[in-house]
Every structure is written in C-alpha cells, then in structure tokens.
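The structure appears below as structure tokens.
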Amino acid sequence: MAIQTSTERGSWNSRLGFILAAAGSAVGLGNIWGFPTKVATEGGAAYLIIYLLCTFLIGFPVMVAELSIGRASRRNPVGAFRALSSNKFFPLVGLWGVICGVMILSFYSVIAGWAFGYAIEEIFYFLGWTQMADLLTDTGNGWKNALLAVIFMLATIKIITGGVSDGIEKATKTMMPLLIGIIVIMILYVLTQDGAMEGVREYLLPDFSRITTDLVFSAMGQAFFSLSLGMGALITYGSYLSKKENIPQVAAFVTLADVGIAFLAGLLIIPAMYVARSAGIEIFVGDQLASSTDLVFQILPALFHTIGGFVGVTLGVVFFLLLSIAALTSTISLLEVPVSYVIDEHQMERSKAAWLVGLGVTFISVIIAFQTSLIGSFSYIFSDLGLPIGGLLICLFIAFVWKKEEALNELEHGFPTIKQSLFAKVWPVFLYVICPAAIAYNIISNFL
Ligand code: PFF
C-alpha cells in the first residue's frame, strides 16, 4: 500500500492483504500475553466464557461499525466523525482514540521489547552464557527494557514511514500459520506432561461462582484490546479498504482468527503453569500467582528450557521471534492512528509525521521501561476503560447521528443484498441497545 496524503489515499493491495493487516493488528501480545494472564488471574474457564461472549456480542458489531465509518469517510478517526456529520462532540471521540493509541503503544512497546529480548535470551541460555541470559530475563532492569523498547519503536516507525502494506501483508501471511503451528506443537508437548490436566480443567471447566463484575469488566476490556477496537484503529484501516469488500464478512474472519489464536494460547499457557508447578517452579505463592505482568514470560522460557537441547532452543527462538512480529504488526496499527491523524488534520508529510509522533511515544516508553508498575494503571485507563468507552460512543454515533440507513448504504458496497439480510435486522439492535447498554452497565458497576 502506498498511503500518501489525505487527497491521495492509498489502499490495500488485495482483499487478502486487508484481512491480513487487520488480523495482524488484532493478533498480538493481547492474545498471547494478555489473555492467558487474565485467564490465570481472574477466573479460568469462567473468564474464557465471558470473554467469548464479549467478543462476539459486543466486539464483532463494533468492528463492523468502525470499518464502515472508516470506509465511508476515508479519514483518520477525528476527520471521519467530522466528515460524516456536523456534530461537534464526536470528533473529540476520535481524538480520545488517538490519545489511547499513543498511550497504549507506549507500554505495549516495552512488553514487545521483552518478547524480543527473550528470543535472544534463548540463544544465550543454549550457549551457556547465563549472565547475559539472566540480564535479558530481568523485566525490572530499566536500561535493558528501555533499549529493547526503543529498538521496537524504531522498527515500527521505519515501517510506518515506508510502504506499509507490502511489509505487513507479507509478514503476516507467513507469521500467522507458523505461529499457530508452533503453538499447536507446544500444546501437544505440554499436554503429555505431569500436572497438565489440572490446567486443562482450570481452563475448560467453568466455575460460574467466579463470575464477578470485575471479571466481566476485565473480559470486556480484553475483548476490545484484542480486537483492536474502540480507538479508531479499524476506522483508519477501513479508510484504506476497497468498496468491493464485504465488511461483515471480513470482520468475521478477523474476529475468528483473533479468538482462535487467543484460545490456543490459553490452552498452552494455563496447562503449562500447572506443569511448571509440578516441576517445582514457583509460580504460585499459596493460591495466588507470584506475578502477573510477566507470568507468560516466566512460564514459556521455563518450558523451552525443560524441553532443552537444540529442539528447545529452536522452538524458543522461533516462538519469541514470531511473537515479536505479531507484536510489530499490532504496534504498526497503533502508531498508524495518531500518524494518519497528523497527516490528515495537520497536513504533514507521512514520514515527518511518523517520526514526530513515533519519537514522542518512544519518550513515554522509556519512562515506562524504568517504571514498569505504570503498565497496570495505563492499561486500566486507556485500554480496559478507554477502549470500551470509545466503542460505546461509536455505537451511539451510528445509531443516533450518522444513522443506520447511511451505515447500511455503506455496507451495501460489497454486500449488495444486505438490506434483505438478517444482518440488517440484527446489527442495529446491537448498536442501539445491546452494546451500549452492556458497556455502560459494565463500566458503571465496575465503579460502584
Ligand atoms: N490487538 C492488539 C493485541 O491484541 O495485541 C493490540 C492493539 C492493537 C490494541 C491496535 C488496539 C489497537 F488499536
């Protein structure tokens, strides 16, 4: 894709290219780090069920909404609301999305840096360079965190300044099947180890008494984060989408790919935790997890090390490299939101905008690299709270400002029979009632 100025907007090379890019945005640390960590700390199978409900009942309708707003307006999130109505409030919703993008990216790049560091750690560990390996696993080391986060941000900026789609499309096309392949191999390995079945039960047999308002709130935030919703990333990606595409269909593909990978990651990591415990690795203190933020980064290397030898190191290196690429296709979409905003609204040239915004984000990343305890509060404010609020307002925008007739007219491109379909009857009910009510209820009960 050659995205240029707002007058000469680029587009995706192909339908597959778009699906891959959107799936690349969705699949990332949220699936492999965020989701299993939350399952482990917040309710096991009960969490999984609520997460799936949030994804399909709230996330999917909002994804269709974002893509149609983006394609109809061909603008960044702020310009999109301005282009589709004269309402003065909604461009601020777009601006909130831009802010969430910047803030999420600032901590995301630190965690992505860890993933990349672990790929190198696996090699050092294999070679017996334990001191170097230990340095890379020390998530509390500010200088190391900062260096890796800066490398990650520079890679993201570099890709955003150049031809985006060729890079993203190619990377994603090979990454996804490989990532799935490795996760499946590891699941098969883990399931044959002592203690695994206890983890499988924890992951798949729900104890409904664990469902609390906190759990539902967290699962909803996770669904938005994982699907890249609520901050206009998919408004932006939709703005490059061709009128030939069937939006509900591509949204369904992206949702299924995202949920599928999260589900597999859970099936790997939850049993692996129990395997680690029966091997004497301390991940629990009493009934509580010893740590949550870097849980996945303790469990997985331990697993690769017990597999050991050349097979262990190869699996470890490839896995963490793939995770880094998955994170990179997500950071690209996170940075694309504020960059497209600056290009469209402040008439700045693409590479200048990418460097300006990118270096600003890098500055915040460095602070977080030294102060990793900030990750929890940032993710609460800008992700768990910020994204669903954005999603809620996007639903209200279509329902009451832009109007569903206009949205359906847009969706008719690529889906000519939509107005006679069941989708046209059901989707508006979700936008008018179900999504806003569920999101508002969750947020309010979380506060109470
Ligand atoms: N969906 C990404 C993940 O699961 O890692 C994170 C993300 C990307 C969130 C883009 C929001 C976004 F706009």
Side-chain angles (χ1 to χ4, degrees), residues 20-39 51 54-55 59-60 62-63 65-67 69-70 76-77 93-94 96-116 152 156 159-160 164 168 172 175-176 179 218-239 251 254-255 257-266 296 322-341 357 361 375 378-379 381-391 394:
L20 287 173
S25 165
V27 174
L29 296 168
N31 306 60
I32 289 159
W33 162 75
F35 174 71
T37 308
K38 289 189 165 178
V39 171
Y51 168 75
C54 290
T55 300
F60 174 70
V62 173
M63 187 182 289
E66 280 203 29
L67 290 174
I69 291 174
N76 70 89
V93 175
W96 171 244
V98 172
I99 295 170
C100 287
V102 166
M103 301 311 265
I104 291 176
L105 180 54
S106 68
F107 71 81
Y108 198 96
S109 55
V110 174
I111 303 165
W114 291 348
F116 184 57
F152 217 88
T156 307
I159 295 178
I160 287 281
V164 183
I168 307 183
T172 319
M175 174 205 74
M176 295 270 198
L179 188 64
S218 153
M220 182 177 70
Q222 175 62 27
F224 271 88
F225 182 81
S226 191
L227 293 169
S228 303
L229 293 177
M231 49 160 274
L234 293 184
I235 294 183
T236 310
Y237 273 24
S239 75
V254 173
T255 306
D258 188 59
V259 169
I261 294 190
F263 178 79
L264 287 178
V296 169
L322 291 173
L323 182 56
S324 308
I325 301 173
L328 188 62
T329 53
S330 300
T331 52
I332 291 167
S333 69
L334 282 161
L335 185 58
E336 180 64 22
V337 172
V339 168
S340 72
Y341 162 72
V357 180
V361 175
I375 294 177
F378 270 48
S379 121
I381 300 172
F382 299 104
S383 169
D384 288 353
L385 207 55
L387 300 181
I389 290 178
I394 288 169

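Read the numbers this way: they start at 1 and go in the same order the structure lists the ligands and their atoms. Nothing fancy with the numbering, it's 1 onward along the sequence. All of these numbers come straight from a predicted model, not from anything done at the bench.
Classification of the Phe107-Phe225 ring pair by plane angle, with boundaries at 30° and 60°, yields parallel.
No donor-acceptor pair closer than 3.5 Å links the side chain of Tyr51 to the backbone N or O of Phe35.
Within the listing of ligand 1, atoms 1 (N), 2 (C), 8 (C), 10 (C) sit less than 4.0 angstrom from a heavy atom of Ser25. When each atom of ligand 1 is checked for a heavy atom of Met231 under 4.0 Å away, the hits are 11 (C), 12 (C), 13 (F). Listed by atom number, the atoms of ligand 1 under 4.0 Å from Ala233 heavy atoms are 13 (F).
The option from Ala262, Ala327, Gly24, Ser228 that lies nearest to atom 10 (C) of ligand 1, judged by heavy atoms, is Ser228.
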Dump the intermediate steps for side-chain contact (heavy atoms from CB on, under 4.5 Å) on Leu179 and Ile32, then the final yes or no. CA-CA 11 Å; Leu179 188 64; Ile32 289 159; 3.8 Å; yes
Show your reasoning for whether side-chain contact (heavy atoms from CB on, under 4.5 Å) applies to Leu227 and Phe60. CA-CA 9 Å; Leu227 293 169; Phe60 174 70; over 6 Å; no
How far apart are the C-alpha atoms of Asn76 and Val337, what are their side-chain angles, what is the distance that settles it, and do they pass the side-chain contact (heavy atoms from CB on, under 4.5 Å) test? CA-CA 7 Å; Asn76 70 89; Val337 172; over 6 Å; no
Criterion side-chain contact (heavy atoms from CB on, under 4.5 Å) on Val357 and Tyr341, from CA distance to verdict: CA-CA 10 Å; Val357 180; Tyr341 162 72; over 6 Å; no
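Residue-to-ligand polar distances place Gly30 within reach of ligand 1: an N/O pair is separated by less than 3.5 Å. Any N or O atom pair closer than 3.5 Å counts here, and Leu29 shares at least one such pair with ligand 1. Polar contact with ligand 1: present for Phe225 (N/O pair, distance under 3.5 Å). Checking only distances, Ser333 never comes within under 3.5 Å of ligand 1, N or O to N or O. Ligand 1 has a nitrogen or oxygen under 3.5 angstrom from a nitrogen or oxygen of Ala26.
In terms of heavy-atom proximity, Tyr108 sits nearest to Gly30 at OH-N, 4.2 Å.
Side chain to side chain, Ser330 and Ser25 fail the donor-acceptor criterion of an N or O pair below 3.5 Å.
Assignment of Tyr108 to the shell around ligand 1 is supported, since a heavy atom sits closer than 4.0 Å. Ligand 1 lies nowhere less than 4.0 angstrom from a heavy atom belonging to Ile104.
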